[in-house]
Amino acid sequence: MNSYISFYLLLAYKFKFMRFSKNIFFLLLLVSFINKSVIAQQNSSKPKLVIGIVVDQMRYDYLTRFQSQYGNGGFKRLLKDGFSLENAHFNYIPTYTAVGHTSIYTGTTPNNHGIIGNNWYDKYAKKSIYCVDDNTYKTVGNDGDGGKKSPYRMLTTTITDQLKLAQNMKGKTIGIGIKDRSAILPAGHTANAAYWFDGGSKGQWITSSFYQNELPNWVQKFNNSGKVDNYLSTPWETLYDIHTYTQSIADDNNFEEPFKGEKRPVFPHDIPALRGKNKNYSIIKAIPAGNSLTTDFAKAAIEGEKLGQGAYTDFLSVSYSSTDYVGHQFGVDSKEIQDTYLRLDKDLESLFNFLDKKVGKNNYTIFLTADHAAVQVPSYLKSLKIPANYFSYKKFTDYVNDITKKYFNAANFVENISNFQIFLNKENIEKNNLSVTKVAEVISENVINFKGIYKSTTAKNMQSGSFNKGILNYLQNGYNQKISGDVLLIPTPSTISYSKKGSTHGSGYSYDTHIPIIFYGRGIKKGFSKNKYRIIDIAPTISSLLKIEFPNASTGKVIQEVLKN
């Protein structure tokens, strides 16, 4: 505002015949009014609540395939009144849950944020580790070990962190997801709380002492409400007549994994009878009711924490995980996945209506996306004569050991093979007066002949080369020099290491990378775009909307098309 003051003082000086003191007083009042008006306009342009929704394992085509059976208040509401990016993709490998959630909220890829998988081999500790395990903390909510978690392995800040910093730690951030990693990583390092569902014999929402030392009253009340048992008291039947589910293959087929205790993977699924053989309360994760439970808990959080009701912007991250469990078990083309999305559509409608009532229709902003997509069941593709393959780590390990025997007369050079990466035993290699770089090169050159391997490269190439496009660019974005392996592999399309029933994800191919990104609400235009955008563009776009600094390692760009201003 100093420029305004200088301007008006200059005018006053030039017009000396005016009563100077009276006009200066008037001018200062005017400047004060302008200043307050600008600040009020800036504050009014910000939403009171941002809701980040991540649908686990959602392919983009689920928006179009099931559209005829969606209602008007869920996905269609977002598409009609929001802005949809129809050509949005992940830009790294591997496309796993923890990596996806982290990349969405940090605005960067694993080479920067350090979350390179759900689990990965720690070459320093010589063991496999889980992305959010942290024995420094204890479970809050029950006497189990499910709460010994934190986001400390995530090396960068998130949108949620930056919002807290911009508001001097005012406002609230809450993370919610059935999976611990899906609740913890989006909420960032500065969250007020993150809550996830502890199944098995527990059936409760819990948290970690990283956030707090006891559950708030609203969480305890929710856990005591009996909602989980209510959801598990009825069979899983299709929402509509199963004969109308024409966007999926026959219900009875050989490409789906039945629940334990079932003879065939067909509707109806008798959940009350099956829960005892399927880890009791954990079965809710693998049915649409898990999404409904998550919606109920999100509403309870909005009400219990009074989100969107204060003077500062709050942030709620919600991850719908049951879609992923159903997809893994039954596959992309199943009646189960179609029914799950039709029911999720109803859950979203319920959540949006709740937000309208509690926060106000024009007071919140939503983005909806996915943490990855999924490949169609390879055995199903093979039945249609479409190239697909299953990868055996055991056979591949034997193959790599044969290579080291042939070229180096040694079989102890490989320490671990996982996530399509080879970790070499550097001590044993050096004892044989060999360089790790040389051994890695020889392995990389020879494993390309193994069935199911499409490309291979070394850590040295990742560090010294620059791949600006294509699938090797995705691999490089996912490579972290400090923690990744020595040889990196890319399987052929539709090749997975998994059961022949059900499916998975993890590659850099379109079926795993093409996901929806929809923005909706305050500050968002209506429309759609077919331009190509990356998942890492969400964080800087929301940061721009909120007028805050980007996450500290962000490499994404602002999607100007979606923003009103």
(request) Using atom types as modelled and distance alone, determine if a side-chain donor or acceptor of Thr160 lies under 3.5 Å from a backbone N or O of Pro186. (result) yes
(message) Between Asn91 and His89, is there a side-chain donor-acceptor contact under 3.5 Å, judged purely by atom types and distance?
(response) no
(message) Using a 3.5 Å distance criterion without hydrogens, assess whether the side chain of Tyr62 forms a donor-acceptor pair with backbone atoms of Gln57.
(response) no
(request) Indicate the ring-plane relationship of His505 and His372, choosing parallel, tilted or perpendicular according to the 30° and 60° boundaries. (result) parallel
(message) Can you tell me how far apart NZ (Lys482) and CG (Leu155) are? Round to the nearest 0.5 Å.
(response) 9.0 Å
(request) Indicate whether the side chain of Glu256 and that of Ser334 have a donor and an acceptor atom separated by less than 3.5 Å. (result) no
(request) Using atom types as modelled and distance alone, determine if a side-chain donor or acceptor of Ser317 lies under 3.5 Å from a backbone N or O of Gly52. (result) no
(request) Scan side-chain atoms only and decide if Thr190 and Asp161 contain a donor-acceptor pair under the 3.5 Å cut-off. (result) yes
(message) Applying side chain to side chain contact (heavy atoms under 4.5 Å, CB included) to Leu85 and Val562, what does each step give before you reach the verdict?
(response) CA-CA 9 Å; Leu85 306 179; Val562 312; 4.1 Å; yes
(message) Do His101 and Thr158 have side chains that approach each other closer than 4.5 Å (heavy atoms only, starting at C-beta)?
(response) no
(request) Give me the one residue out of Tyr121, Trp120, Tyr124, Phe413 that meets ring pair (Phe, Tyr, Trp, His ring centres under 6.0 Å) with Phe423. (result) Tyr121
(request) Before accepting this row, confirm whether a basic side-chain N of the pair Asp398/Lys394 lies closer than 4.0 Å to the acidic partner's carboxylate O. (result) yes
(request) Determine the sole option in Val487, Asn446, Val447 for which the side chain to side chain contact (heavy atoms under 4.5 Å, CB included) test with Val400 is passed. (result) Val447
(message) Side chains of Leu63 and Tyr60, heavy atoms from C-beta outward: is any pair under 4.5 Å?
(response) yes
(message) What's the separation between atom CD in Glu415 and atom CD1 in Ile422, rounded to the nearest 0.5 Å?
(response) 12.5 Å
(message) Under a 3.5 Å distance rule, please check whether Gln476 uses its side chain to pair with a backbone N or O of Met462 as donor and acceptor.
(response) yes
(message) I need the minimum non-hydrogen distance between Thr513 and Tyr474, along with the two atoms involved.
(response) CG2-CE2, 4.2 Å
(message) Under a 4.0 Å threshold between the charged nitrogen and the carboxylate oxygen, would Lys179 count as salt-bridged to Asp324?
(response) yes
(request) For side chain to side chain contact (heavy atoms under 4.5 Å, CB included), just list the numbers for Asn473 and Asn477, CA-CA rounded to whole Å, side-chain angles, deciding distance to a tenth of an Å, and then say yes or no. (result) CA-CA 6 Å; Asn473 170 252; Asn477 289 338; 3.5 Å; yes
(request) Can you measure from CG (Asn416) to NZ (Lys126) and round to the nearest 0.5 angstrom? (result) 10.0 Å
(message) Counting only heavy atoms from other residues, nucleotides and ligands, does the tally under 6.0 Å from NZ of Lys123 exceed 12?
(response) yes
(message) I'd like to know if the side chain of Ser503 and the backbone of Val375 have a donor-acceptor N/O pair within less than 3.5 Å.
(response) yes
(message) Quick check on side-chain hydrogen bond (donor to acceptor under 3.5 Å, both in side chains): which of Asn112, Asn111, Thr106 does Thr108 satisfy it with?
(response) Asn112
(request) Using only heavy-atom distances, determine whether the side chains of Asn253 and Tyr380 contain a donor-acceptor pair under 3.5 Å. (result) no
(message) With a 3.5 Å distance limit and no angle check, can you tell me whether Ser456 reaches the backbone of Ser444 through a side-chain donor-acceptor pair?
(response) yes
(message) Between Ser103 and His113, is there a side-chain donor-acceptor contact under 3.5 Å, judged purely by atom types and distance?
(response) yes
(request) Looking only at non-hydrogen atoms, find the nearest pair between Asn291 and Thr323 and report the distance. (result) ND2-CG2, 3.8 Å
(request) Taking all heavy atoms of Pro94 and all of Ile116, pick out the closest pair and write down the distance. (result) CG-O, 3.3 Å
(message) Between Phe90 and Tyr96 (judged by ring centroids, cut-off 6.0 Å), do the two rings come close enough to count as a pair?
(response) no
(message) Under the criterion side chain to side chain contact (heavy atoms under 4.5 Å, CB included), I'd like the reasoning laid out for Leu344 against Phe75: C-alpha separation, chi angles, the key distance, then a yes or no.
(response) CA-CA 9 Å; Leu344 175 60; Phe75 287 118; 4.0 Å; yes
Acceptor/donor pairs from residues 196-208 side chains to any protein atom, 3.5 angstrom cut, sequence neighbours excluded:
{"unit_1": "Trp196", "atom_1": "NE1", "unit_2": "Gly146", "atom_2": "O", "d": "3.0"}
{"unit_1": "Asp198", "atom_1": "OD2", "unit_2": "Asn142", "atom_2": "ND2", "d": "3.0"}
{"unit_1": "Lys202", "atom_1": "NZ", "unit_2": "Asp143", "atom_2": "OD1", "d": "2.6"}
{"unit_1": "Gln204", "atom_1": "OE1", "unit_2": "Asn142", "atom_2": "ND2", "d": "3.1"}
{"unit_1": "Thr207", "atom_1": "OG1", "unit_2": "Ala194", "atom_2": "O", "d": "2.6"}
{"unit_1": "Ser208", "atom_1": "OG", "unit_2": "Gly147", "atom_2": "O", "d": "3.3"}
{"unit_1": "Ser208", "atom_1": "OG", "unit_2": "Lys149", "atom_2": "O", "d": "2.8"}
{"unit_1": "Ser208", "atom_1": "OG", "unit_2": "Phe210", "atom_2": "N", "d": "3.0"}

(message) A side-chain contact here means heavy atoms from C-beta on lying under 4.5 Å apart; do Phe83 and Ser529 qualify?
(response) yes
(message) Between Thr95 and Ser507 (side chain of the first, backbone of the second, donor and acceptor by atom type, cut-off under 3.5 Å), is there such a pair?
(response) yes
(request) Could you grab the distance from atom CD1 of Ile490 to atom CD1 of Ile453, nearest 0.5 Å is fine? (result) 9.5 Å
(request) Taking all heavy atoms of Gly100 and all of Tyr92, pick out the closest pair and write down the distance. (result) CA-OH, 3.1 Å
(message) Within the supplied structure, the quantity of interest is the number of heavy atoms (other residues, nucleotides, ligands) at a distance under 6.0 Å from Asn449 CG; does it exceed 12?
(response) yes
(message) Measuring from atom CD1 of Ile93 to atom CG of Leu472, what distance do you get when rounded to the nearest 0.5 angstrom?
(response) 8.0 Å
(message) Between Phe330 and Tyr325 (judged by ring centroids, cut-off 6.0 Å), do the two rings come close enough to count as a pair?
(response) no
(message) Looking at Ala373, is its backbone amide N or carbonyl O close enough to the side chain of Arg59 to form a donor-acceptor pair, meaning the two atoms are under 3.5 Å apart?
(response) no
(request) May I ask you to check whether Asn118 and Thr97 show a side-chain donor-acceptor distance below 3.5 Å? (result) no
(message) Walk me through whether Ser128 and Asn119 qualify under side-chain hydrogen bond (donor to acceptor under 3.5 Å, both in side chains).
(response) CA-CA 7 Å; Ser128 179; Asn119 302 274; 4.9 Å; no
(request) With rounding to the nearest 0.5 Å, note down the distance linking OH in Tyr152 to NE2 in His189. (result) 12.0 Å
(message) So which atom in Val436 and which in Ile429 form the shortest heavy-atom distance, rounded to 0.1 Å?
(response) N-CG2, 3.9 Å
(message) Regarding Lys164 and Asn192, do their side chains bring together a donor and an acceptor under 3.5 Å, going by distance alone?
(response) yes
(request) Ignoring hydrogens and angles, tell me if any N or O in the side chain of Thr458 forms a donor-acceptor pair with the backbone of Glu441 under 3.5 Å. (result) no
(request) Could you walk me through whether Ile337 and Val332 pass side chain to side chain contact (heavy atoms under 4.5 Å, CB included), step by step? (result) CA-CA 6 Å; Ile337 204 71; Val332 166; 5.7 Å; no
(request) Specify whether Phe450 and Phe396 have parallel, tilted or perpendicular ring planes, treating 30° as the upper limit for parallel and 60° as the lower limit for perpendicular. (result) perpendicular
(message) Check this for me, if you would: do Arg534 and Asp537 make a salt bridge, where the nitrogen-to-carboxylate-oxygen distance has to be below 4.0 angstrom?
(response) yes
(message) Tell me the closest heavy-atom pair linking Ile159 and Ile104, and the distance in Å.
(response) CD1-O, 4.3 Å
(message) Could you check whether any side-chain N or O of Tyr390 sits under 3.5 Å from a backbone N or O of Gly452, counting only pairs where one atom can act as donor and the other as acceptor?
(response) no
(request) Determine whether more than 12 heavy atoms belonging to other residues, nucleotides or ligands lie under 6.0 Å from atom NZ of Lys279. (result) no
(message) Counting neighbours of CD on Gln463 that are heavy atoms of other residues, nucleotides or ligands and sit closer than 6.0 Å, is the number greater than 12?
(response) yes
